Amino acid sequence: MFSLNKSFIVLLFFSTFLAFVVNFGILAYGPFLLLGFFVICNNFFKTGTLSKKDFYTFIGITPFILLCLSSYILHPYQDKFFNTHILALLVIYPLIVSIQYVNTLSDDRRVDFLYNLLKYFIYFQIFVCVGQALNYIVGIGFYIPEEFRDSKMIPGTFANANDLATVLVLILYSILNLEKSLSGKKFVFLIILIFILIIICASRVALILSILLFIFRSGFNFYKFLKSFLILALSGLMLVVLAKTIMGDTFNRALLRLEAIKDIATQGFSSDNSASIRTLSYEFFLNNLGQLGFGTFEVNNYSTFANTTDASYINELMFQNPHSLIVEVGYWLGYIGLIFLSLFIFSLIKNHNKNKFLLLFLFLTLTNIPSSILGNFLFFSFFVLTCIFKYPKTSDFRNE
């Protein structure tokens, strides 16, 4: 049976696949934006359809959304009034309403809906990533942006591999919360695919986070630790086979990134150029908190803060893409932006019916992985889904 709310969720989360195929924004994003409008009309303005808790959530997230929209209107990103930065904000209201509708379903139907949504999302990403690997190897396969060819990056349907990695960690967290509602085969198979994709993305932070989440999802339990180790070993073995038979040299990027983890652990952050630059940038931000004011109010342009003696030793690219949502919002929207961002985050996380502190830690860490998370509208969509969705009470991440 047709459901407006469920259809909106499906079209939203699979829109990047459509965009990847047609390469035309209106065709890819127009359908779910239209459905989102109908969702709002059908639910938001009808008396009694929103709970008091939802109402307070909307109040909490609105100041940050309005502030961001004001900046985008006054200083359009890349001179475009419509882009994925705008999408990240526009979808939040209808998405919350739609997820709350899903929460009214029975436990079995609710879990089945989320599991199938995440499962097919992973299947499609695997399909696209293998096609992109074939493009590198034999010259025939799925499209890869030219700027990624030298580094052999495999981004899936995202702007880059780091953007995909952040979403995969949130998906892993959701699957772990569904573990006791799924059969062992379903759970293990999907976990293996997720880890394969994370390794292909070659994001060190995402991989470390995922391993820790998976192994210690119910505290230290020897049986689960052993089971988790075997699943991770199987994931690694399958990836090696995939690398040797299909991916070839395209897997070298992932291997180099994994080796960098060992170098950082043994020699410190100075041994890795990316890690050392980020560390210096974050230190500079903390030391200059008193200079933020109202920010530049222009996204992707924070050069004002680079024109100081203290900033001379920091790569100027860090004042364009600071590799941290907190730092970027501070440079972009100043003190008021940081206050509204905090209200935005906590207004969403308070709805989470599992470990709120763990989800907050994941959000703050994951938003440091890409050069800029602002344009990754699916990351924010998955984050909202994770916050609002009513997970079964029987899961390893205990309620808090």
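Just so you know, residue 1 is the first one in the sequence shown, and it goes up from there. A quick note: this is a predicted structure, and the numbers were derived from the prediction, not measured. Keep in mind that the numbers below use all heavy atoms, side chains included, and drop hydrogens, waters and symmetry copies.
- The salt bridge (charged side-chain N to carboxylate O under 4.0 Å, His left out) contacts involving residues 334-350 comprise nothing, where partners must be two or more places apart or lie in separate chains.
- When all heavy atoms of I326 and L364 are compared, the pair lying nearest together is CD1-CD2, 4.2 Å.
- For the side-chain hydrogen bond (donor to acceptor under 3.5 Å, both in side chains) criterion with N351, the lone passing option out of N103, D54, T57 is T57.
- When hydrophobic side chains of Ile, Leu, Val, Met, Phe, Trp and Tyr are connected at separations under 4.5 Å, Y56 ends up clustered with F55, I59.
- In this structure, N376 CG and D163 CG are separated by 4.0 Å, a value rounded to the nearest 0.5 Å.
- Side-chain contact between I194 and I198 is present, with at least one heavy-atom pair separated by less than 4.5 Å.
- Shortest non-hydrogen contact noted between N301 and T296 is O-OG1, 3.0 Å.
- No continuous path of ILVMFWY side-chain contacts below 4.5 Å connects L343 to L341, so the two sit in separate hydrophobic clusters.
- Of all heavy-atom pairs between I154 and A161, the closest is O-CB, 3.7 Å.
- Under the 4.5 Å side-chain heavy-atom criterion for Ile, Leu, Val, Met, Phe, Trp and Tyr, F297 and L66 are members of distinct hydrophobic clusters.
- Taking the six-membered ring where tryptophan is involved, the planes of Y72 and H85 are perpendicular, since the angle between them exceeds 60° and thus also 30°.
- Annotation: F305 is not in aromatic contact with F319 [ring centroid separation under 6.0 Å not met].
- Among residues at least two apart or in separate chains, there is no salt bridge (charged side-chain N to carboxylate O under 4.0 Å, His left out) pair with a member in residues 357-377.
- F195 has its side chain out of reach of L168: every pair of non-hydrogen atoms, C-beta onward, lies at least 4.5 Å apart.
- Side-chain N or O atoms of T84 include none that pairs as donor or acceptor with a backbone N or O of L87 at under 3.5 Å.
- Between N83 and K80, the closest heavy-atom pair is ND2-O, 3.0 Å.
- Connection of F214 to I208 is established within a shared hydrophobic cluster, with ILVMFWY side chains joined at heavy-atom distances below 4.5 Å, either directly or through further cluster members.
- Taking the six-membered ring for Trp, H352 and F357 have ring centres at least 6.0 Å apart.
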Determine whether Y143 and F20 satisfy the following criterion, ring pair (Phe, Tyr, Trp, His ring centres under 6.0 Å), listing intermediate values before the conclusion.
CA-CA 8 Å; Y143 168 77; F20 183 80; 7.1 Å; no

Only pairs under 3.5 Å count here: list side-chain donor-acceptor contacts from residues 117-129, not counting sequence neighbours, and write none if there are none.
residue	atom	partner	partner atom	Å
K119	NZ	N116	OD1	3.3
Q125	OE1	T157	N	3.4
Q125	NE2	T157	OG1	2.8

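- Ring pair F32/F14: centre-to-centre distance not below 6.0 Å.
- Here the CG atom belonging to L378 is positioned 10.0 Å from the CG atom belonging to L164, to the nearest 0.5 angstrom.
- Scanning all heavy atoms of the two residues, the minimum distance from Y391 to K354 falls at CB-CE, 3.8 Å.
- Within the 4.5 Å cutoff, the side chain of W332 has no heavy atoms near those of the E298 side chain.
- When atom types are taken as modelled, the side chain of N300 and the backbone of Q320 share a donor-acceptor pair closer than 3.5 angstrom.
- From S342, atom OG reaches atom CZ of F64 across 9.5 Å, with rounding to the nearest 0.5 Å.
- A side-chain contact (heavy atoms from CB on, under 4.5 Å) with L67 is found for exactly one of T62, L333, V329, namely L333.
- A distance-only check finds no donor-acceptor pair linking the side chain of N321 to the backbone of H323 [under 3.5 Å].
- A donor-acceptor pair under 3.5 Å is absent between the side-chain atoms of R110 and the main chain of T104, judged by distance alone.
- The ring pair (Phe, Tyr, Trp, His ring centres under 6.0 Å) test applied to F340 returns no partner, not counting sequence neighbours.
- One hydrophobic cluster, built from ILVMFWY side chains closer than 4.5 Å, holds both Y302 and Y335.
- V299 and I73 are not part of a single hydrophobic cluster, where members link through side-chain heavy atoms under 4.5 Å apart.
- A donor-acceptor pair under 3.5 Å is absent between the side-chain atoms of N135 and the main chain of G131, judged by distance alone.
- For L74, the CG atom counts as densely surrounded, since its 6.0 Å shell holds more than 12 non-hydrogen atoms of other residues, nucleotides or ligands.
- F344 CZ to L348 CG: the interatomic distance, rounded to the nearest 0.5 Å, is 5.0 Å.
- When atom types are taken as modelled, the side chain of S15 and the backbone of L12 share a donor-acceptor pair closer than 3.5 angstrom.
- Evaluation of the side chain to side chain contact (heavy atoms under 4.5 Å, CB included) rule for A88 yields F377, F380 as partners, not counting sequence neighbours.
- Outside the 6.0 Å centre-distance limit, the rings of F82 and Y29 are not counted as a close aromatic pair.
- Contact check for L95 versus V39: no side-chain heavy atoms found under the 4.5 Å cut-off.
- Residue I369 comes nearest to A206 through the heavy atom pair CD1-N, 3.8 Å, listed as atom of the first residue, atom of the second, then distance.
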Check the pair E328 / S372 against side chain to side chain contact (heavy atoms under 4.5 Å, CB included), numbers first and verdict last.
CA-CA 8 Å; E328 181 153 21; S372 176; 2.9 Å; yes

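- Around CD1 of I140, the count of heavy atoms belonging to other residues, nucleotides or ligands within 6.0 Å does not exceed 12.
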